[in-house]
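Fair warning: this is a prediction, and the values are worked out from it, not measured in the lab. Basis for what follows: all heavy atoms, side chains included, without hydrogens, waters or symmetry-related copies.
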Protein chains: 2
Amino acid sequence: MPRVGLNQQTVVREAARLADEVGFQQLTLAALASRLGVALPSLYKHVRGADALAQKLAALATAELATEMSTAAVGRSGGDALRAMADAYRDYALRHPGRYPTTQRVPDPADPEHVEAGERAVGAIFAVLRGYGLTGDDAVDATRALRSALHGFVTLEAAGGFGLPRDVDRSYHQMVASMDISFRSWPRTGG
Amino acid sequence: MPRVGLNQQTVVREAARLADEVGFQQLTLAALASRLGVALPSLYKHVRGADALAQKLAALATAELATEMSTAAVGRSGGDALRAMADAYRDYALRHPGRYPTTQRVPDPADPEHVEAGERAVGAIFAVLRGYGLTGDDAVDATRALRSALHGFVTLEAAGGFGLPRDVDRSYHQMVASMDISFRSWPRTGG
DNA sequence: AAACCTTGGCTAAGTGTCTTAGCTTTAAAG
DNA sequence: CTTTAAAGCTAAGACACTTAGCCAAGGTTT
């Protein structure tokens, strides 16, 4: 039997593509193997199992998202940076509906690339918030608030949770605009 | 064989309890059946299958959550109502970690109780926002923003996504305080 | 009380998923 | 050319959900 020549990276990248097509929940080792032209158990030569694959996928997606967030904010500050980053965030979630949910997985301490990616993502938010003069505990609180709003929005949108006809882009921009206001008048604790 | 005397309600209620104990993802028909003292296929006499059970669980949890949100806000207005409702929301998610995720499922149009529960939940938010003078499109946008923030926060918290030592209660209260400010100075569109 | 019949329980069996064990062959290294 | 690590394979097991079909409990009807 001729070898296909897989390695971990090709497996994970194909899993990412497949997840975007069918949804993360529907990503199955059987479908992935068939897509790669290999029998299912052969995947275990490259990935420890289904959970390990999900973790590697999370590392990949988190790195991609962190890069897009950072790139969007570069050269901007304040509300400009916030809007650009928020748009990049939602764009990513919409373009990669299968990868996005994995970005909320807690980074695996045993995977340095995953940890680094998570730090870059949070770091990007922190950098934007510094533009509002938010540091220390205030920055931590504001980061949590911003992550919550962005993640919550794209999650509800993906789940079809916004039933009413009101334009969803509009609602998102309003939310980001309101966060801009919030950050400018953030209830300071002086942490 | 003596009959256990199950019905749909007892099955769904036990599923809710079990989900809270082991997590929604770990809720399995096998575990539920064993907990109820029947063989697995017997459950199909009361529920159409695993997905239907999840839907009924969603209807139950959504109704519970809607009730707690409404109750918390009754007799209050403005920031008081907002804080009370937000606290009730997070309380519910923390007390019922297995039920909570099902509340984000889109209500099944074929299940009137589910639909009604969803409307009550959104209605409770709408009522609070009316206290800020928000109506029409503004209320829709603000509702989406509030739902996003609350849902995002409790989801990230449950996933262990808040790594830093900063107190999580504090961060939540800061977020809610900032939403209070946002709603008072909401970027109006006059919808 | 006896017959009836609805229904809630059961066992058996099939499908799809992940996983492990162990064999074979490729193809690179010496 | 021989050796060997690794990448593929088949076979088989553990669980999950689901369907089919049987049987008895227990209420209803005569």
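Using cut-offs of 30° and 60° on the angle between ring planes, the pair A:Tyr100 and A:His151 is tilted.
Note on A:Ser42: a side-chain N or O is less than 4.0 Å away from OP1 or OP2 of D:dC9.
Atom CG of A:Leu82 and atom CD1 of A:Ile125 lie 9.5 Å apart (nearest 0.5 Å). Within the model, atoms OG1 of A:Thr62 and CD of A:Gln55 stand 9.5 Å from one another, a figure rounded to the nearest 0.5 Å.
Of all the residues in residues 45-56 of chain A, A:Lys45, A:His46 reach under 4.0 Å from DNA chain D with at least one non-hydrogen atom. Looking at residues 16-41 of chain B, you'll see B:Thr28, B:Leu29, B:Ala30, B:Leu40, B:Pro41 sit with a heavy atom under 4.0 Å from some atom of DNA chain D.
Between A:Ser182 and B:Met179 the shortest side-chain heavy-atom distance does not fall below 4.5 Å. Residues B:Phe126 and B:Thr135 are not in side-chain contact: their nearest non-hydrogen atoms beyond the backbone lie 4.5 Å or more apart. Within the 4.5 Å cutoff, the side chain of B:Val128 has no heavy atoms near those of the B:Met69 side chain.
Under the 3.5 Å distance criterion, with hydrogens and angles disregarded, no donor-acceptor pair is assigned to the side chains of A:Asp87 and A:Tyr172.
If you measure from atom CZ of B:Arg3 to atom C1' of D:dA25, you get 4 Å, rounded to the nearest angstrom. Rounded to an integer number of Å, the gap from CG of B:Leu6 to C1' of C:dT7 is 13 Å. Whole-Å rounding puts the B:Tyr44 OH to C:dA12 P distance at 18 Å. For the pair B:Leu43 CG and D:dA16 P, the computed distance is 13 Å after rounding to whole Å.
Between A:Arg17 and A:Glu21 there is no salt bridge, since none of the side-chain N atoms of the basic residue sits less than 4.0 Å from a carboxylate O of the acidic one.
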